[in-house]
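What follows is a single structure, written as structure tokens, with notes after it.
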Protein chains: 2
Amino acid sequence: MIANSWMGQLKDHGYRLTGARNAVVETVADTKQALTPLEVFDLARRKYAALGLVTVYRTLEKLEELNLVQRVHQPAGCQAFIAASKGHQHLLLCQSCGQAIYIDGDDLDPLIDKLSRQTGFRIDEHWLQFFGLCMNCQ
Amino acid sequence: MIANSWMGQLKDHGYRLTGARNAVVETVADTKQALTPLEVFDLARRKYAALGLVTVYRTLEKLEELNLVQRVHQPAGCQAFIAASKGHQHLLLCQSCGQAIYIDGDDLDPLIDKLSRQTGFRIDEHWLQFFGLCMNCQ
DNA sequence: TTACTTGCAAACGTTTTGCACGATT
DNA sequence: AATCGTGCAAAACGTTTGCAAGTAA
């Protein structure tokens with residue numbers, strides 16, 4: 001139960017446990033789709049009808065701060081969030097339903113070393129993401 | 001002179017050649033930085049003082065449509081544009097000045113094949129992007 | 001009881017649209 | 001002369017902030 005663990009971590013960081021927060025946390029923790037704030041709002045309202053969209057934004061902000069959730073960038077937009085994975089993160093995303101799968105990428109270190117040498121850049125971060133259609137959506 | 005070629009392509013597609021368009025085209029074609037619409041506006045206004053921000057948006061839209069320009073996604077935001085490269089596109093980006101370098105990435109086809117087999121996804125697109133600081137900005 | 005959290009309303013920044021005027025062809 | 005392009009103003013959109021009332025601790 002990921003949602004419980006997230007609520008625990010919120011509590012550990014001095015945040016209070018409320019019905020509104022719980023609804024948002026359960027919604028994001030228990031789905032494999034990348035969800036926009038508005039989608040989270042619509043889904044979470046089924047669990048907690050009085051929920052406000054502002055609370056969704058503020059809760060996502062806290063979850064991102066605690067690295068429980070991460071923002072996903074896609075060709076169609078960059079507002080979606082998914083549960084964060086530990087360690088390094090390469091993604092496979094369905095462009096129709098938003099399903100997100102974490103994958104083991106190639107080892108890019110040799111390429112990063114080569115690029116650093118060639119360009120003089122200090123490379124801090126990289127994204128490797130694949131986009132397509134999942135089996136259901138094809 | 002990339003700007004001339006772009007103006008030619010605009011003309012070929014039935015678009016008119018105007019001072020405002022020329023200023024935007026020159027600005028984006030002749031820089032290696034990823035620029036936001038507002039940055040394009042500020043730079044292009046030096047060449048064509050009467051320029052409106054709306055025209056920047058509309059011109060970028062046309063350039064994107066003709067695949068002369070592409071949108072760049074970065075951790076800090078996804079509003080920037082750069083001149084498009086032919087063929088496949090992997091990017092190295094400076095997070096301070098926005099300098100963008102197209103690179104030859106690894107051959108990802110074997111990984112894509114493996115992922116397709118494992119997940120059943122039909123993979124249509126991928127992003128491989130590296131972020132850091134260029135030599136000047138370090 | 002205290003301090004955090006909430007939803008509402010308003011503010012904000014970015015992007016888009018409507019429109020009359022101006023410019024290119 | 002006809003059509004396309006322009007800048008302005010206003011609208012639309014997603015997101016953030018201020019605030020008074022409500023709630024967890």
Round to the nearest Å and state the distance from B:R58 atom CZ to C:dT14 atom P. 18 Å

Rounded to the Å, how far apart are B:N22 CG and C:dA23 C1'? 15 Å

Angle class for the A:H90/A:H126 ring planes (parallel below 30°, perpendicular above 60°, tilted otherwise)? tilted

List in numerical order all residues of residues 5-21 of chain B for which some heavy atom is under 4.0 Å away from an atom belonging to DNA chain D. B:Y15, B:R16, B:T18, B:A20, B:R21

From C-beta outward on B:T55, which listed nucleotide comes closest to its side chain: D:dT15, D:dG7, C:dT5? D:dG7

Classify the side-chain pair B:Q70/B:E64 by whether it contains a donor and acceptor separated by less than 3.5 Å. no

Would a hydrophobic clustering, with Ile, Leu, Val, Met, Phe, Trp and Tyr connected at side-chain separations under 4.5 Å, put A:L111 with A:I123? yes

Would you mind reading off the distance between A:Y57 atom OH and C:dC8 atom P, rounded to a whole angstrom? 15 Å

Specify the separation, in whole Å, of atom CG of B:L53 and atom P of D:dC8. 10 Å

Would one find more than 12 heavy atoms of other residues, nucleotides or ligands at under 6.0 Å from atom CG of B:D109? yes

Whole-Å gap separating P (C:dT6) and OH (A:Y48): 8 Å

Do other residues, nucleotides or ligands put more than 12 heavy atoms under 6.0 Å from the NZ atom of A:K11? no

From CD of A:Q79 across to P of D:dC13 the rounded distance in Å is 14 Å

May I have the distance from B:L51 (atom CG) to D:dG5 (atom C1'), rounded to whole angstrom? 12 Å

